[in-house]
Amino acid sequence: MKYSDQETYLMRRDNILKNVIHKNNTINFKPRNTSYFNSLINIVISQFISTTAASAITKKILLHFNSSYFTPEQFIDLSINQIKKLGLSTNKSISIKEISKIFSETNLAYKLNNFSDHELDELLLSIYGIGPWSVQMFKLFRLGYDDIFSSKDAALRKAMELAGMVKPNSPHDEYDKYSEKWKPYRSTASIHLWASMH
């Protein structure tokens, strides 16, 4: 079994994580090659719900638009209420409407490539309904950052508890503290922990 350099590094740093990685085998993770807009909408849909539920809602909405990905044009002329009727909460509908507006009025997709980490955080966090968890998921799954870990992610916390890393229902900073030993490859550790839940 050929493990990546990141996986090998993590297994040396943490014996418990080593067991998780062994059970999963190597995972060849690549960021999703999709538009920034499509990626952000998918992240908004998946907030506070399971991956399975998010996937079902995404499929249903894409079917409605007869499309395989999301574009600003699909939402820009819809009211918050019309977006809600696609199966989303009011907050998520407001968020999607705002993201659509920003992307259709500015050349954001191009600008994002040239943003510093701080500028990216500032811009995304200024959007209604986009919090730290959403920003971290965007950086991990779309931009491919190496060192992303979010103690706000319930599935990650659960996986760490099941592996015996942290006692169940500990304060969030306990999970953050434990993850320190995985730096600078916390993204790979997170991906293995999520995989261990399936």
Side-chain angles (χ1 to χ4, degrees), residues 1-36 38-60 62 68-70 112-113 117-118 120-121 124-125 130-198:
M1 176 61 59
K2 180 85 174 82
Y3 291 103
S4 70
D5 293 346
Q6 296 195 358
E7 288 166 333
T8 306
Y9 172 87
L10 290 166
M11 290 192 285
R12 277 205 308 269
R13 300 276 300 173
D14 181 359
N15 270 330
I16 304 180
L17 187 61
K18 183 180 182 176
N19 293 335
V20 171
I21 294 172
H22 274 314
K23 275 186 194 140
N24 288 337
N25 292 326
T26 187
I27 294 175
N28 181 20
F29 171 73
K30 283 191 171 63
R32 291 170 189 151
N33 187 17
T34 167
S35 75
Y36 292 148
N38 184 60
S39 210
L40 279 172
I41 300 304
N42 274 302
I43 287 166
V44 168
I45 291 170
S46 65
Q47 290 168 347
F48 315 116
I49 58 175
S50 71
T51 312
T52 319
S55 172
I57 294 167
T58 300
K59 273 197 188 109
K60 188 181 143 215
L62 286 172
S68 50
Y69 55 89
F70 295 116
L112 275 179
N113 289 324
D117 208 30
H118 175 68
L120 183 65
D121 285 354
L124 293 177
L125 291 169
I130 298 277
W133 177 84
S134 301
V135 173
Q136 286 166 318
M137 294 308 110
F138 183 67
K139 285 178 173 178
L140 197 166
F141 288 108
R142 179 58 188 86
L143 303 179
Y145 280 37
D146 282 333
D147 196 33
I148 298 292
F149 172 80
S150 175
S151 61
K152 288 180 165 49
D153 191 277
L156 265 186
R157 293 199 308 275
K158 187 79 183 150
M160 290 173 78
E161 291 165 8
L162 290 171
M165 295 170 176
V166 181
K167 285 195 181 79
N169 305 315
S170 294
H172 283 199
D173 60 355
E174 291 294 320
Y175 302 86
D176 289 316
K177 211 181 293 170
Y178 191 95
S179 78
E180 292 285 313
K181 62 174 83 176
W182 305 329
K183 283 182 166 184
Y185 300 131
R186 287 182 297 175
S187 297
T188 300
S190 298
I191 284 154
H192 271 282
L193 285 162
W194 278 315
S196 74
M197 298 288 282
H198 297 301

Do Gln136 and Asp153 pass the side chain to side chain contact (heavy atoms under 4.5 Å, CB included) test, and can you show the C-alpha distance, the side-chain angles, and the key distance before you say yes or no? CA-CA 10 Å; Gln136 286 166 318; Asp153 191 277; over 6 Å; no
Report the C-alpha separation of Leu140 and Ile191 in whole Å, then their side-chain angles, then the decisive distance to 0.1 Å, and conclude whether the side chain to side chain contact (heavy atoms under 4.5 Å, CB included) test is met. CA-CA 10 Å; Leu140 197 166; Ile191 284 154; 3.8 Å; yes
Which is it for Tyr145 and Arg186 under the side chain to side chain contact (heavy atoms under 4.5 Å, CB included) test, yes or no, and what are the steps along the way? CA-CA 9 Å; Tyr145 280 37; Arg186 287 182 297 175; over 6 Å; no
Let me see the working for Lys177 and Glu180 under salt bridge (charged side-chain N to carboxylate O under 4.0 Å, His left out), right down to the final yes or no. CA-CA 5 Å; Lys177 211 181 293 170; Glu180 292 285 313; over 6 Å; no
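Of all heavy-atom pairs spanning Ile16 and Ala163, the tightest one is CG2-O, 3.2 Å. Among all heavy-atom pairs drawn from Met197 and Lys158, the shortest one is CE-CG, 3.4 Å. Nearest heavy atom pair, residue Ala189 against residue Leu10, reads N-CD1, 3.7 Å. The shortest non-hydrogen separation linking Glu161 to Pro168 is CD-CA, 3.4 Å.
Counting heavy atoms from C-beta outward, Phe29 and Ser4 have side chains that stay 4.5 Å or more apart. Inter-residue side-chain proximity for Met165 and Leu193 is flagged as met; some heavy-atom pair is nearer than 4.5 Å. Two residues are said to be in side-chain contact when any heavy atoms from C-beta on lie closer than 4.5 Å; Leu17 and Val20 meet this criterion. Side chains of Trp194 and Ile27 form no contact here, defined as non-hydrogen atoms less than 4.5 Å apart. The closest side-chain heavy-atom distance from Thr51 to Ser46 is not below 4.5 Å. Under the 4.5 Å side-chain criterion, counting only non-hydrogen atoms from C-beta, Leu40 is in contact with Leu124. No side-chain heavy atom of Thr34 sits under 4.5 Å from any side-chain heavy atom of Phe141.
When the options Asp147, Asp146, Asp117 are evaluated for a side-chain hydrogen bond (donor to acceptor under 3.5 Å, both in side chains) with Lys139, the one that passes is Asp117. A side-chain hydrogen bond (donor to acceptor under 3.5 Å, both in side chains) with Asn24 holds for exactly one of His192, His198, Glu7; it is His192.
Separation of atoms CG (Asn15) and NZ (Lys18) is listed at 5.5 Å; rounding is to 0.5 Å. Taken from CG in Asp14 to CG in Asn19, the straight-line distance is 9.0 Å, to the nearest 0.5 Å. For the atom pair CD1 of Ile57 and CD1 of Ile49, the computed distance is 4.0 Å after rounding to the nearest 0.5 Å. Ser151 contributes atom OG, which lies 11.0 Å from atom CD of Glu174 (distance to the nearest 0.5 angstrom). In this structure, Lys167 NZ and Asn169 CG are separated by 12.5 Å, a value rounded to the nearest 0.5 Å. Taken to the nearest 0.5 Å, the OG atom of Ser196 stands 9.0 Å off from the CG atom of Leu156.
Residue Tyr69 places its OH atom among 12 or fewer non-hydrogen atoms of other residues, nucleotides or ligands, all under 6.0 Å distant. Sparse packing is recorded around NZ of Lys23, with 12 or fewer heavy atoms of other residues, nucleotides or ligands lying under 6.0 Å away.
Listed by first and then second residue, the ring-ring contact (aromatic ring centres under 6.0 Å, His included) pairs involving residues 158-179 are Tyr178-Trp182 (not counting sequence neighbours).
Under the 3.5 Å distance criterion, the side-chain polar atoms of Ser39 are left unmatched by any main-chain donor or acceptor of Tyr36. Checked by atom type and distance alone, the side chain of Thr58 never pairs as donor or acceptor with a backbone atom of Asn42 at under 3.5 Å.
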